[in-house]
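Remarks on the structure that follows.
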Amino acid sequence: MENKKAKKSKPSKFVIWWKWPLIVLALSFFLSLAFGVVSQVALTGAGIAISVVVILFFIGISIVSDMVGVAITATSYEPFRAMASRKIRGAKEAIRLIDNKEKVASVSADVIGDICGILSGAAGTSITVLLIVNYAGTFWEVLIASVVSAVIAALTIFGKAYCKKYSMVHSEKIILILGKFISLFHIQKKVKDAGERKTKKGNDKKIETEPQQDESVQDELVQAQPDEEGGEIASKLND
């Protein structure tokens with residue numbers, strides 16, 4: 001029987017090899033679609049300054065997500081277990097992130113980082129178009145497009161190269177900050193749960209006090225009955 005249960009508990013090959021990649025496929029599609037719509041809305045009719053801001057925003061997200069992916073693979077359980085024992089906020093969430101470090105690294109570095117890198121390059125086309133309008137000509141079109149894409153790629157690679165070393169050295173700090181950010185959503189749930197518990201306790205107290213009052217009334221009635229019977233007997237004897 002135990003062997004049968006062990007066989008049943010083992011996940012299938014589909015779950016092992018295909019479940020997570022398919023989840024990443026769907027997640028990357030919807031995130032890229034959402035970011036693409038936002039970038040197109042922001043860049044439609046925008047000038048060079050707004051286009052540069054959008055590109056730098058996507059580059060920044062790509063660099064930060066790559067930092068998280070490197071930090072989650074470089075950190076370990078021990079410091080966060082000590083922090084959790086001291087009840088430091090964000091430590092328990094950090095342990096959960098480390099439990100799923102492969103998924104966290106995949107989502108942060110591969111999904112979010114790559115999507116933002118692609119979108120920053122796509123946003124560079126708006127700058128290319130604006131510059132080409134001012135500098136017409138086949139040679140200038142090729143040169144401007146090449147320079148814009150080269151600058152975006154150079155800034156992204158430089159930021160990742162610089163922050164990768166920082167994330168390896170300060171991996172605990174980065175994951176703790178991420179854990180504290182996640183704990184903000186858990187605090188709201190805890191407040192709601194505490195309020196529900198208080199209401200439940202108040203209702204339970206009301207339910208408990210009502211039977212006690214009924215029992216006390218019944219005791220008084222029981223005690224009063226012998227006294228009344230004794231009074232009737234005494235009156236009959238006197239008569």
Side-chain angles (χ1 to χ4, degrees), residues 2-3 5-32 34-35 56-120 152-194:
E2 292 180 358
N3 293 327
K5 289 181 180 179
K7 289 180 181 179
K8 289 181 181 179
S9 63
K10 288 182 180 179
S12 62
K13 290 183 179 180
F14 176 81
V15 174
I16 295 171
W17 293 101
W18 292 100
K19 183 179 179 180
W20 177 244
L22 289 174
I23 292 172
V24 171
L25 175 65
L27 183 64
S28 60
F29 174 78
F30 288 109
L31 284 176
S32 61
F35 286 166
L56 292 176
F57 174 75
F58 283 127
I59 290 173
I61 294 177
S62 178
I63 292 170
V64 171
S65 61
D66 188 72
M67 288 175 63
V68 173
V70 173
I72 197 68
T73 56
T75 191
S76 59
Y77 285 101
E78 285 75 15
F80 295 104
R81 286 174 179 169
M83 293 178 190
S85 63
R86 289 179 288 170
K87 296 182 180 180
I88 294 176
R89 186 165 64 87
K92 292 181 179 180
E93 288 77 10
I95 292 172
R96 292 176 184 174
L97 291 173
I98 297 170
D99 288 335
N100 301 289
K101 62 170 56 180
E102 295 179 358
K103 295 180 180 180
V104 174
S106 179
V107 170
S108 60
D110 297 333
V111 177
I112 299 175
D114 292 344
I115 288 172
C116 291
I118 294 168
L119 291 176
S120 62
I152 293 170
L155 287 174
T156 305
I157 294 168
F158 169 77
K160 288 184 178 181
Y162 178 81
C163 295
K164 193 166 288 185
K165 180 67 175 178
Y166 179 86
S167 60
M168 291 179 70
V169 175
H170 302 282
S171 59
E172 298 174 6
K173 183 178 179 181
I174 293 170
I175 300 303
L176 183 61
I177 292 171
L178 183 60
K180 287 181 179 179
F181 176 75
I182 295 171
S183 68
L184 294 175
F185 302 97
H186 292 175
I187 288 172
Q188 294 177 357
K189 291 182 180 179
K190 288 179 181 178
V191 170
K192 290 181 181 178
D193 293 337

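This chain uses plain numbering: 1 for the first residue, then up along the sequence.
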Dump the intermediate steps for side-chain contact (heavy atoms from CB on, under 4.5 Å) on Ile98 and Thr75, then the final yes or no.
CA-CA 8 Å; Ile98 297 170; Thr75 191; 3.8 Å; yes
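Counting only heavy atoms from C-beta outward, the side chains of Phe57 and Ser120 never approach each other to under 4.5 Å. Residues Phe80 and Ile88 have side chains not in contact (no heavy-atom distance under 4.5 Å, counting atoms from C-beta outward). Using a 4.5 Å cut-off on side-chain heavy atoms (C-beta onward), Val24 and Val111 make contact. Contact annotation: the side chain of Val68 never approaches that of Ile112 to less than 4.5 Å [non-hydrogen atoms, C-beta and beyond].
Within 6.0 Å of atom OH in Tyr77, more than 12 heavy atoms from other residues, nucleotides or ligands are found, so the atom counts as buried in its surroundings.
Between the CG atom in Asp114 and the CG atom in Asp66 there is a gap of 9.0 Å [rounded to 0.5 Å]. Arg96 CZ to Ser183 OG: the interatomic distance, rounded to the nearest 0.5 Å, is 10.5 Å. Here the CD1-CE distance, from Ile177 to Met67, works out to 8.5 Å after rounding to the nearest 0.5 Å. Atom CZ of Phe30 is separated from atom CG of Leu25 by 9.5 Å, given to the nearest 0.5 angstrom. Rounding to the nearest 0.5 angstrom, the gap separating the CG atom in Leu56 from the CG atom in Leu155 is 7.0 Å. Between the CD1 atom of Ile23 and the CH2 atom of Trp18 there is a distance of 14.0 Å, given to the nearest 0.5 Å.
Nearest approach of Leu176 to Ala91, heavy atoms of both residues: CD1-N, 4.1 Å. Ser28 and Ile115 get closest at one heavy-atom pair: O-CD1, 3.4 Å. In terms of heavy-atom proximity, Pro79 sits nearest to Glu172 at CG-OE2, 3.4 Å. In this structure, Phe58 and Phe35 approach most closely via the heavy-atom pair CZ-O, 4.1 Å. Ile61 and Cys116 make their closest contact through CG2-SG, 3.3 Å (heavy atoms, listed as atom of the first residue, atom of the second, distance). The shortest heavy-atom contact between Leu184 and Arg89 is CD2-NH1, 3.6 Å.
Sorted by first and then second residue, the side chain to side chain donor-acceptor pair (under 3.5 Å) pairs with a member in residues 152-168 read Ser62-Lys160; sequence neighbours excluded.
For Ser106 (side chain) and Glu102 (main-chain N/O), no donor-acceptor pair under 3.5 Å exists by modelled atom type.
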